[in-house]
Number of protein chains: 2
Amino acid sequence: MLPRRPEAKLHAAAPVFAALGDATRLRLVARLCSGGPASIAALTANVDVTRQAVTKHLHVLQDAGLVRGLRQGREQMWEIEPAKLDEARQCLDIISAHWDAAIERLRAAVEE
Amino acid sequence: MLPRRPEAKLHAAAPVFAALGDATRLRLVARLCSGGPASIAALTANVDVTRQAVTKHLHVLQDAGLVRGLRQGREQMWEIEPAKLDEARQCLDIISAHWDAAIERLRAAVEE
DNA sequence: CACATATGCAACCATATGGTTGCCTTTCGA
DNA sequence: TCGAAAGGCAACCATATGGTTGCATATGTG
């Protein structure tokens, strides 16, 4: 199921990075990671935007697969989906690995 | 110079993630990482958008500190700035570390 | 039941984003 | 010197984004 070509992996990671590319959303992700599941009201208390804005951000994160929401009574709880975070990290690792390899090739060429 | 509070680090990383959050830009970054410095014309050959679009993307990446451009004759060469990539990776590591700690706390609480 | 809390839905708005085309300038090479 | 190659600049366009306000709905509680 997983694509072998690293390029396809990169392509899939772009939306995840886009979702992380907002200061408010990054705070929400960090909050959910360190503090565990939380309701919208609780999350709104930590940022400086409206509850509606928080709701929108959570949906963006959900579309990227970074969080998951589940209803509990009258509260909508949100929790992190750590697999996607790992995916993003692996993507950076792949790119960095290529960089390291390029450095190594350069070093070898110079010392030749 | 580096902020101690992890939150400040997160806030600084958001623009980097935003810059990485586009498929074309991610391809450019990967290309520059694995293939070394390249001109705009060379980079344009690898993607399916106009040269102008590539130029815009490169400036976005430059504003995020991910690439650096330098003129060589009539060519504008672009190269990767690996420090920013590491910064993004560290940011994900910090978040994941909090997640791991939360998991550990949960495990400890259950086994208590 | 009545009220406060928690959320959803929709409209609306300003600005950012990703992309294009057209034209001008610089530089290399025959 | 003259044409082609490589870029820069600017205008323009459609859509996405981040945010708001207003109102409706569901749910817990005294």
Side-chain angles (χ1 to χ4, degrees), chain A residues 10-32 35-80 88, chain B residues 10-32 35-80 88:
Chain A
L10 294 190
H11 198 276
V16 179
F17 286 129
L20 293 175
D22 176 274
T24 304
R25 282 197 293 268
L26 208 48
R27 282 185 68 175
L28 290 175
V29 168
R31 163 72 166 76
L32 290 177
S39 71
I40 295 181
L43 292 173
T44 302
N46 281 344
V47 297
D48 54 350
V49 291
T50 322
R51 171 181 59 89
Q52 311 293 346
V54 172
T55 298
K56 280 195 182 180
H57 281 309
L58 287 169
H59 281 111
V60 170
L61 291 171
Q62 179 179 244
D63 289 346
L66 279 165
V67 302
R68 186 161 44 113
L70 47 116
R71 193 82 189 220
Q72 277 182 4
R74 67 175 160 178
E75 287 185 335
Q76 174 80 18
M77 303 299 287
W78 292 88
E79 64 182 9
I80 208 75
Chain B
L10 294 189
H11 197 275
V16 179
F17 286 129
L20 294 174
D22 176 274
T24 304
R25 281 198 294 268
L26 208 48
R27 282 186 68 176
L28 290 175
V29 168
R31 163 71 166 77
L32 289 178
S39 72
I40 295 181
L43 292 172
T44 302
N46 281 345
V47 296
D48 54 350
V49 292
T50 322
R51 170 181 60 89
Q52 311 294 346
V54 172
T55 298
K56 281 194 182 182
H57 281 309
L58 287 169
H59 281 111
V60 171
L61 291 171
Q62 180 179 244
D63 289 347
L66 279 165
V67 302
R68 185 160 46 111
L70 48 116
R71 193 82 188 221
Q72 276 184 4
R74 67 174 161 179
E75 288 185 334
Q76 174 81 18
M77 303 299 287
W78 292 87
E79 64 182 10
I80 207 75

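Computation of the quantities below employed the complete heavy-atom set of this structure, encompassing side-chain atoms and omitting hydrogens, waters and symmetry-equivalent molecules. A note on names: the letters A, B, ... follow the listed sequences, proteins ahead of strands, and every chain is numbered from 1.
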>> I need the minimum non-hydrogen distance between A:Arg51 and A:Thr44, along with the two atoms involved.
In response: CA-OG1, 3.7 Å
> Would you say B:Leu32 and B:Leu43 make side-chain contact, with heavy atoms under 4.5 Å?
Replying inline: yes
>> Please give me the minimum heavy-atom distance between A:Ala42 and A:Arg31, naming the atom from each residue.
In response: CB-NH2, 4.2 Å
> Can you tell which of A:Val67, A:Leu58, A:Leu61, A:Val54 makes a side chain to side chain contact (heavy atoms under 4.5 Å, CB included) with A:Arg25?
Replying inline: A:Leu61
> Between C:dG8 atom P and A:Glu75 atom CD, what is the distance in whole Å?
Replying inline: 11 Å
> Between B:Arg51 and A:Asp48, which is nearer to the 5' end of DNA chain D once each is assigned its nearest nucleotide?
Replying inline: B:Arg51
> For D:dG7, does either OP1 or OP2 sit under 4.0 Å from a side-chain N or O belonging to B:Ser39?
Replying inline: yes
> Using a cut-off of 4.0 Å on non-hydrogen atoms, how would the nucleic acid contact of B:Ala53 be classed: base, sugar-phosphate, or nothing?
Replying inline: base
> Could you state the CG-P distance from A:Leu70 to C:dA6, rounded to the nearest angstrom?
Replying inline: 17 Å
> Could you state the CD1-C1' distance from B:Ile40 to C:dT27, rounded to the nearest angstrom?
Replying inline: 15 Å
> From the list D:dT20, D:dA6, D:dG18, which nucleotide is the closest neighbour of the side chain of A:His57?
Replying inline: D:dG18
> Can you tell me how far C1' of C:dG19 sits from CG of B:Leu28, to the nearest Å?
Replying inline: 14 Å
> Atom CD of B:Gln62 and atom P of D:dG7: how far apart are they, to the nearest Å?
Replying inline: 15 Å
> Any donor-acceptor pair under 3.5 Å between the side chain of A:Arg71 and the base of C:dG8?
Replying inline: no
>> Just the rounded figure in Å: distance from P of C:dT17 to CZ of A:Phe17.
In response: 18 Å
> Does a nitrogen or oxygen in the side chain of B:Gln76 sit under 4.0 Å from OP1 or OP2 of D:dA6?
Replying inline: no
> Would you say the side chain of A:Arg74 and the base of C:dT5 hold a donor-acceptor pair, judged only by whether the two atoms sit under 3.5 Å apart?
Replying inline: yes
> Parallel, tilted or perpendicular: which fits the ring planes of A:Phe17 and B:Phe17, with parallel below 30° and perpendicular above 60°?
Replying inline: parallel
>> Rounded to whole Å, how long is the line connecting atom CG of B:Leu58 with atom P of D:dC9?
In response: 14 Å
>> Check this for me: does the side-chain of A:Gln52 come within 3.5 Å of the base of D:dG22 through a donor and an acceptor?
In response: yes
>> Output the rounded distance in Å from CG (B:Asp63) to P (C:dA16).
In response: 13 Å
> More 5' along DNA chain D: A:Thr50 or A:Gln72, using each one's nearest nucleotide?
Replying inline: A:Thr50
